[in-house]
Amino acid sequence: MLKVVNPANNETIKEVQTDTATTVSDKFRKAKSAQAKWAAQPLNSRLEVIRKFRALLEKDLEELAHTLTSEVGKPISQSRNEIKGTLGRIDFFLEKTPGVIRDESVFKDSAAPLEEVIGHEPLGVVANISAWNYPYFVGSNVFIPALLTGNAVLYKPSEFATLTGIAITERLHASGVPADVFSLVVGDGSIGVELLKNPVNGVFFTGSYATGKKIAEAVASRMIKVQLELGGKDPAYVCDDANVKNAAEGLADGAFYNNGQSCCSVERIYVHAKVYDQFVEHFVNTVKGFVTGDPNDEKTYIGPLTRAAQLSVVKNQVTDAMAKGAKLMVGGQKVANSKGHYFQPTVLTNVTHSMDVMREESFGPVIGIQKVANDNEALMLINDTAYGLTSAVYSASRERAHTILAQANSGSVYWNCCDRVSPRLPWSGRGHSGMGSTLSTLGIQTFLQPKAWHLRG
Ligand code: NAD
């Protein structure tokens, strides 16, 4: 059994039956035999089913938001935002899938006669192994386009977001996705290992670099599609010509939204020496205004960390930084007298790249702010990382920001904004942030394999 624990008070909400190696293999076999029929349906009927699912998410939004908050500790307003944002992503996939999946005649010579056509076929049965921090976003980035393009999906939500995984599965089935075409796999990493022992045709993973590496190694010899959306250590640079107050407020939100537990959370900030003191003052004031508390309270901005173990990761980064000369501006401790996994929003200055807080993913409410002399130093530090998810520059000049961002080794770049994902743009990481893209039309294509048709006669 899997214990679902509320991170705000450490109480067990529910116990859920986990899968076993046998039940997972059974689900795989059923998915394999159901997939061809699903793919053979006219696209319009799959679009209709996903439209119904979207309508159910919208109808049940309040109930689903409370379930999400109860198991991951996300403040309720942010849980609602995530589900609302998912509706927009589904709309994008509904609109764009017909154009992506359509056959394309690329050459025709009636005298020869010869026609060449690019066709698109689903991969087959795909494994969707997912994270807990945005279970609607990271799940639906995979299972919606996978289903629309005719794949069957074995969906393993994170063990920290199981109730949300169950709620999603129930609604997909109620909308008309056959039970064998979309199967829920319940359990922790050991069940993820079992899932991948089955001959799936693709693996779509969202999670940490450490797990992504294990998954890539486990399936390497099978020559199947492996897409990995992994962690980040996302930098932001504030130039001396930036609107400092706006930059400070925007970056504080980018660093602390969802308690810093976003793959694209701002995790390190560089500020031009000329505006450093002014920036730090605005930033710290903004952070001091964040309300920490019960995630069900509408006013709460900082809830508990989802995983108890992350409390010591964050604490160790603070201790390491302070031992190496960092200055603690606010926070720095676990919240006292709390039964939940609360850590105070924490700001460190005088940081350097010798400190873990500037190099290792924090995935919690802590940020380091470093002074830099010029754009070249900022760019060198931006790229001094094994990760490559997003980078941001705040400047009055689009040209200046463009010059820096064009050289940033990351999949997404932001001018005067941060911590932003759009369904219209590809979401992809470089280096330890992963490989492959979700979202945009590339994130639909990725669930298809091409077939080249050479047609004579
Ligand atoms: P995690 O790596 O601990 O777990 C992710 C999933 O993998 C879970 O479902 C887990 O049960 C499963 N798993 C664990 N070990 C496994 C194994 N050996 N084989 C198969 N499956 C296994 O990550 P997490 O804590 O759930 O998520 C946080 C991480 O995800 C952070 O690093 C964050 O940056 C990253 N993330 C990235 C993106 C992105 O789009 N790039 C989005 C969200 C989260």
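Order of appearance sets the numbers: ligands from 1, and atoms from 1 within every ligand.
Looking from atom 18 (N) of ligand 1 to the surrounding protein, the closest heavy atom is V193 CG2, 3.5 Å. With respect to atom 32 (O) of ligand 1, the closest heavy atom belonging to the protein is E361 OE1, 2.7 Å. At the shortest separation from atom 24 (P) of ligand 1 among protein heavy atoms lies W132 NE1, 3.4 Å. Protein heavy atom in closest approach to atom 12 (C) of ligand 1: I129 CG2, 3.7 Å. Counting only heavy atoms of the protein, atom 35 (C) of ligand 1 lies nearest to G207 O, 3.2 Å. For atom 22 (C) of ligand 1, the nearest protein heavy atom (residue, atom name, distance) is T211 CG2, 3.6 Å. Regarding atom 41 (N) of ligand 1, its nearest protein heavy-atom neighbour is L230 O, 2.8 Å. Nearest protein heavy-atom neighbour of atom 36 (N) of ligand 1: C263 CB, 3.6 Å.
Side-chain contact check for S362 and Q317: at least one donor-acceptor pair (N or O, by modelled atom type) lies under 3.5 Å.
Closest heavy-atom contact between N81 and F137: O-CZ, 4.4 Å.
Distances below 4.0 Å separate heavy atoms of S158 from the following atoms of ligand 1: 9 (O). Using a 4.0 Å cut-off to heavy atoms of V138, the atoms of ligand 1 that qualify are 42 (C), 43 (C). Taking every heavy atom of I215 and a limit of under 4.0 angstrom, the matching atoms of ligand 1 come to 19 (N), 20 (C), 21 (N).
Put simply, no part of G429 is less than 4.0 Å from ligand 1, judged by heavy atoms. Using a 4.0 Å heavy-atom cutoff, Q261 is absent from the residues neighbouring ligand 1. Residue contact annotation: G434 has no non-hydrogen atom under 4.0 Å from ligand 1. The closest approach between a heavy atom of Y209 and any atom of ligand 1 is not below 4.0 Å.
Residue K156 has at least one N or O atom closer than 3.5 Å to an N or O atom of ligand 1. Geometrically, ligand 1 and K214 share no nitrogen or oxygen pair separated by less than 3.5 Å. Between S130 and ligand 1, at least one pair of N/O atoms sits closer than 3.5 Å. Backbone and side-chain nitrogen or oxygen atoms of T206 are examined, and none is located within less than 3.5 angstrom of a nitrogen or oxygen of ligand 1. The shortest N or O to N or O distance between F363 and ligand 1 is not under 3.5 Å.
Closest to atom 44 (C) of ligand 1 by heavy atom, among V203, L196, N133, L195, is N133. Comparing A131, G187, A161, G192 by heavy-atom distance to atom 21 (N) of ligand 1, the nearest is G192. In the candidate list E159, K213, R307, E159 is nearest to atom 11 (O) of ligand 1, counting heavy atoms. Nearest to atom 7 (O) of ligand 1 by heavy-atom distance, out of Y387, F205, W427, is F205.
Using a 4.5 Å heavy-atom cutoff, the side chains of E58 and I83 are not in contact. When side chains are defined from C-beta on, N201 counts as touching K32, because their heavy atoms get closer than 4.5 Å.
Contact check on E63 versus R171 returns a salt bridge, with a Lys/Arg side-chain nitrogen under 4.0 Å from an Asp/Glu carboxylate oxygen. With respect to the salt-bridge test (charged N to carboxylate O, under 4.0 angstrom), the residues D19 and K156 do not qualify. Looking at E11 and K339, a side-chain N of the basic residue comes within less than 4.0 Å of a carboxylate O on the acidic one, giving a salt bridge. At a threshold of 4.0 Å, the pair R80-E298 counts as salt-bridged, since one of the basic side-chain nitrogens sits closer than that to a carboxylate oxygen. Contact check on E267 versus K233 returns a salt bridge, with a Lys/Arg side-chain nitrogen under 4.0 Å from an Asp/Glu carboxylate oxygen. Ion pairing of K197 with E194 is present here, as a side-chain N (NZ or NE/NH1/NH2) and a carboxylate O approach within less than 4.0 Å.
Atom NZ of K327 sits in a sparse spot, with 12 or fewer heavy atoms from other residues, nucleotides or ligands closer than 6.0 Å. Within a 6.0 Å sphere centred on CZ of R398, other residues, nucleotides and ligands contribute 12 heavy atoms or fewer. Residue-environment remark: NZ (K324) exceeds the threshold of 12 foreign heavy atoms within 6.0 Å.
Neither the backbone nor the side chain of F137 comes within contact range of ligand 1; no heavy atom lies under 4.0 Å.
Because its NZ or CZ atom is both nearer than 6.0 Å to the ring centre of Y134 and within 45° of the ring axis, K74 counts as a cation-pi partner of that residue.
Between H353 and Y270, the ring planes lie tilted relative to each other; the angle falls in the 30° to 60° range.
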